[in-house]
Number of protein chains: 4
Amino acid sequence: MPRRPEQFEELREKSREKILAAALELFANKGYDATSIDSLAKKAGISKGLIYNYFESKKSILIAIFDDAMKMGEDMIMGQMSVKDPLLRKKAIIELTFAMIKERPEYVKLLTVMALQPGVMAETKEFTKNAYKKTGEWSKVITGKGKKDGLIESLMIGALMDGITLNFIMYGKQYPMEELKKEIIRIYCTPKKSKK
Amino acid sequence: MPRRPEQFEELREKSREKILAAALELFANKGYDATSIDSLAKKAGISKGLIYNYFESKKSILIAIFDDAMKMGEDMIMGQMSVKDPLLRKKAIIELTFAMIKERPEYVKLLTVMALQPGVMAETKEFTKNAYKKTGEWSKVITGKGKKDGLIESLMIGALMDGITLNFIMYGKQYPMEELKKEIIRIYCTPKKSKK
Amino acid sequence: MPRRPEQFEELREKSREKILAAALELFANKGYDATSIDSLAKKAGISKGLIYNYFESKKSILIAIFDDAMKMGEDMIMGQMSVKDPLLRKKAIIELTFAMIKERPEYVKLLTVMALQPGVMAETKEFTKNAYKKTGEWSKVITGKGKKDGLIESLMIGALMDGITLNFIMYGKQYPMEELKKEIIRIYCTPKKSKK
Amino acid sequence: MPRRPEQFEELREKSREKILAAALELFANKGYDATSIDSLAKKAGISKGLIYNYFESKKSILIAIFDDAMKMGEDMIMGQMSVKDPLLRKKAIIELTFAMIKERPEYVKLLTVMALQPGVMAETKEFTKNAYKKTGEWSKVITGKGKKDGLIESLMIGALMDGITLNFIMYGKQYPMEELKKEIIRIYCTPKKSKK
DNA sequence: GATGAATGAGCATTCATTCAT
DNA sequence: AATGAATGAATGCTCATTCAT
């Protein structure tokens with residue numbers, strides 16, 4: 001007697017998640033090329049062949065993770081769009097970004113490496129470009145308008161976040177994230193005293 | 001008539017340089033794993049076997065490039081140590097860093113990727129750590145003292161530079177390096193007005 | 001209410017037939033090795049696992065088809081054994097063979113390839129040998145006796161039929177089967193004028 | 001000191017020949033799919049990797065053999081074009097074909113199987129087609145004219161030769177090639193008595 | 001020093017087969 | 001009887017490295 005469709009669906013979902021979780025960790029920590037399908041299967045606790053029931057290829061696993069991460073980032077930002085005050089919104093987003101770096105360092109790490117590795121993501125280049133274009137638009141929105149000052153400010157904040165991510169990945173916990181967050185918020189989210 | 005020793009030395013040096021130049025370009029643009037010794041030899045215009053007269057392994061080529069880059073960075077900074085005024089020194093170093101990013105993007109790219117890819121540089125981790133420790137010390141020196149404020153400021157500047165590097169690598173020429181440089185210098189290298 | 005035994009039997013028979021039909025088509029057109037159990041199941045409209053309820057292995061499906069084809073051939077010939085006149089019998093068999101080639105090209109194709117591919121049918125070699133021995137005996141019977149002339153003639157006819165099969169498989173409809181049939185019948189089924 | 005180019009060329013030629021010889025035997029006797037690159041390397045007495053110095057892929061080895069065989073066949077036929085008398089030319093070609101079947105059964109076998117196996121030679125289909133088109137033209141030339149009778153006769157001879165090949169492959173030495181050859185020559189290469 | 005033929009461990013991927021339900 | 005998730009041995013192919021010349 002066959003399993004019911006829902007049972008199959010459950011099994012599938014579980015295996016897929018195991019693969020993605022193992023892949024995220026290995027790709028982020030060892031690198032995409034240095035991760036063999038064998039080691040991936042072992043880490044996921046399944047057989048090598050099963051991976052190909054869920055993903056067409058090694059690369060498609062990477063892309064799936066990439067897409068997940070993108071969606072997660074987008075959701076995070078979009079969730080803050082209801083905050084109307086620009087300064088408060090900026091602050092909220094900065095804080096959420098810090099939180100994400102701390103709680104999901106592998107995601108952030110993987111995204112950063114992928115962005116720099118042209119070979120691996122040749123055909124997903126568009127994703128990358130779109131993603132960063134979004135980042136651009138988003139940044140502009142945060143700081144206020146599309147004026148020159150707004151653009152530069154948003155690029156500064158963006159570069160800061162990227163740089164902090166990089167350093168956090170390298171230094172780990174000893175890197176003083178909290179202090180840096182406070183400083184950034186102090187600089188970029190404090191109302192300017194109006195000139196009298 | 002046999003060649004004089006110096007001539008041999010010259011030849012050696014030339015081949016070595018050709019290999020390193022080819023490797024830098026390929027590693028930075030295609031990635032370390034995606035670069036085969038075969039393609040490296042072809043790019044350098046020499047035979048596959050000859051590479052192993054100059055380098056023990058593929059990885060040792062990477063390390064050699066890494067060391068070169070490190071030395072270059074160190075030299076650049078050390079060259080500014082004669083500037084006594086802290087603000088001017090900070091400004092000079094920031095400008096040199098921007099210059100390096102613009103003129104040698106492959107070096108910077110390669111270093112960044114390597115810093116994030118533990119797999120490739122497993123045994124050179126110490127290099128990385130040392131390098132960044134130096135960056136740390138250097139930063140502190142720049143801003144003045146080892147006080148908390150100094151540390152945070154130097155980390156901010158460091159993160160900014162790293163982030164700008166990353167974005168420049170990704171966006172290329174459309175990324176407004178000059179404007180960002182001006183803004184950074186304006187923020188971090190302008191004398192504070194003393195309180196009355 | 002439980003099904004009656006015959007109903008079960010019917011179901012079994014239906015699934016088995018579906019598998020064999022799908023296998024015949026795929027094996028003949030794509031080749032045995034290039035046909036996966038997956039694609040076979042899909043074509044048959046059943047699940048992969050079910051196939052193993054009816055057949056022990058992929059190879060046993062092939063053998064089953066082979067046996068079917070053999071039986072079909074044998075039946076065809078045996079059905080003509082009632083024709084007493086040798087020339088008419090020869091003619092009838094030749095015509096039936098042509099008919100079979102035209103109507104069941106997959107069978108013929110598969111048999112031919114299998115006969116040439118020792119790898120696939122290693123253990124069924126005996127089948128092959130028996131089959132062709134039968135062909136031999138049969139041929140001899142057709143033409144009359146076991147005399148030398150009879151043997152050579154039957155081998156000639158056999159080779160002709162095999163060769164025509166091969167060419168028909170390759171050229172398809174443009175191959176002039178009808179004309180060849182007529183010519184063969186003219187040559188081999190026309191009463192020799194007795195020497196006066 | 002490097003080897004001289006001719007030395008390299010020699011080595012290359014030798015290895016290439018070893019691979020082709022081993023491949024011909026294995027492909028013909030075990031079948032293309034059933035022959036692994038591993039076993040091929042072992043039979044050739046070289047390493048697996050070396051094969052890919054000479055051939056792009058497993059399939060390209062097959063194609064190389066195919067081309068060789070085609071050229072060999074063409075050369076054989078073309079060599080007889082100087083014989084002006086049609087009957088003698090026909091006889092010469094028939095005898096050469098028998099000789100080829102006997103002396104190079106692997107070639108003939110491989111060609112036959114490949115002609116029947118659509119999967120393997122998908123992109124070389126044109127070769128096959130051309131080859132058989134040539135066979136067609138050639139046949140017509142042999143028998144005399146492009147008249148209907150000429151075409152049918154040439155197709156008959158062609159089918160006979162193919163069929164005999166097939167049976168020879170299957171039965172081996174017990175198959176009476178010599179007698180069949182004589183019979184064919186008797187039938188097709190004897191001057192018709194003019195009607196009185 | 002210089003060459004490129006040769007090696008073989010390692011990799012991604014396929015697929016016949018098993019099995020819990 | 002029927003399903004399809006799961007397994008793992010086997011395969012084609014790559015590539016860093018060695019070595020005879």
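Below, each value reflects all heavy atoms present in this structure, side chains not excepted, and no hydrogens, waters or symmetry copies. A, B, ... follow the sequence lines: proteins, then strands. Residue 1 opens every chain. Quick caveat, the model's predicted, so the values are computed rather than measured.
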Members of residues 36-52 of chain D that approach DNA chain E, where some heavy atom sits under 4.0 Å away:
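Going residue by residue through residues 36-52 of chain D, the ones with a heavy atom under 4.0 Å of DNA chain E turn out to be Ile46(D), Ser47(D), Lys48(D), Gly49(D), Leu50(D).
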
Within this structure, what is the [atom1]-to-[atom2] distance between [X] and [N], rounded to whole angstrom?
{"X": "Asn53(A)", "N": "dC15(E)", "atom1": "CG", "atom2": "P", "value": "13 Å"}
{"X": "Glu9(D)", "N": "dA5(E)", "atom1": "CD", "atom2": "P", "value": "8 Å"}
{"X": "Asp33(C)", "N": "dT11(F)", "atom1": "CG", "atom2": "P", "value": "11 Å"}
{"X": "Lys30(B)", "N": "dC15(F)", "atom1": "NZ", "atom2": "P", "value": "12 Å"}
{"X": "Glu6(A)", "N": "dT3(F)", "atom1": "CD", "atom2": "P", "value": "16 Å"}
{"X": "Arg12(D)", "N": "dG4(E)", "atom1": "CZ", "atom2": "P", "value": "10 Å"}

Contact class for Phe55(D) (heavy atom, under 4.0 Å): base, sugar-phosphate, or nothing?
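No contact.
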
Check: What does Ser60(C) touch in the nucleic acid at a heavy-atom separation under 4.0 angstrom: a base, only the sugar-phosphate, or nothing?
Finding: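 If one applies the 4.0 Å heavy-atom cut-off, Ser60(C) turns out to touch nothing in the nucleic acid.
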
Worksheet item: Is a side-chain donor or acceptor of Ser39(B) paired with a backbone partner of Thr35(B) at a separation under 3.5 angstrom?
Response: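 Side chain of Ser39(B) to backbone of Thr35(B), a donor-acceptor pair under 3.5 Å: no, none is there.
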
When you measure from the side chain of Tyr54(B) to the backbone N and O of Ile61(B), does any donor-acceptor pair fall under 3.5 Å?
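A pair under 3.5 Å: no.
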
If you assign each of Lys58(B) and Leu11(A) to its closest nucleotide in DNA chain F, which residue comes earlier from the 5' end?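 Whichever sits nearer the 5' end wins; that is Leu11(A).
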
*Nearest-nucleotide pick for Ser57(A), side chain only, options being dG4(E), dT13(E), dT17(E)*: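 Minimum distance to the Ser57(A) side chain belongs to dT13(E).
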
Lys43(D), NZ: over 12 other non-hydrogen atoms inside 6.0 angstrom: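 Atom NZ in Lys43(D) is not packed in, count stays at 12 or less.
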
Should we count CD of Glu56(D) as having more than 12 external heavy atoms under 6.0 Å?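 No, because the 6.0 Å sphere around CD of Glu56(D) holds 12 heavy atoms or fewer from other groups.
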
Starting at NZ of Lys18(B), measure out to CG of Leu50(B) and round the result to the nearest 0.5 Å.
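The distance works out to 8.5 Å.
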
Between NZ of Lys58(A) and CG of Leu62(A), what distance do you get to the nearest 0.5 Å?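 Between Lys58(A) NZ and Leu62(A) CG, I get 9.0 Å after rounding to 0.5 Å.
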
**Item:** Consecutive-pair stems (3 or more, Watson-Crick or G-U, under 3.5 Å) for DNA chain E
**Value:**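 The stems are E:2-21 with F:2-21.
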
- Item | salt bridge (charged side-chain N to carboxylate O under 4.0 Å, His left out) against Asp38(A), all qualifying residues, sequence neighbours excluded |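 Asp38(A): salt bridge (charged side-chain N to carboxylate O under 4.0 Å, His left out) contacts with Lys48(A).
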
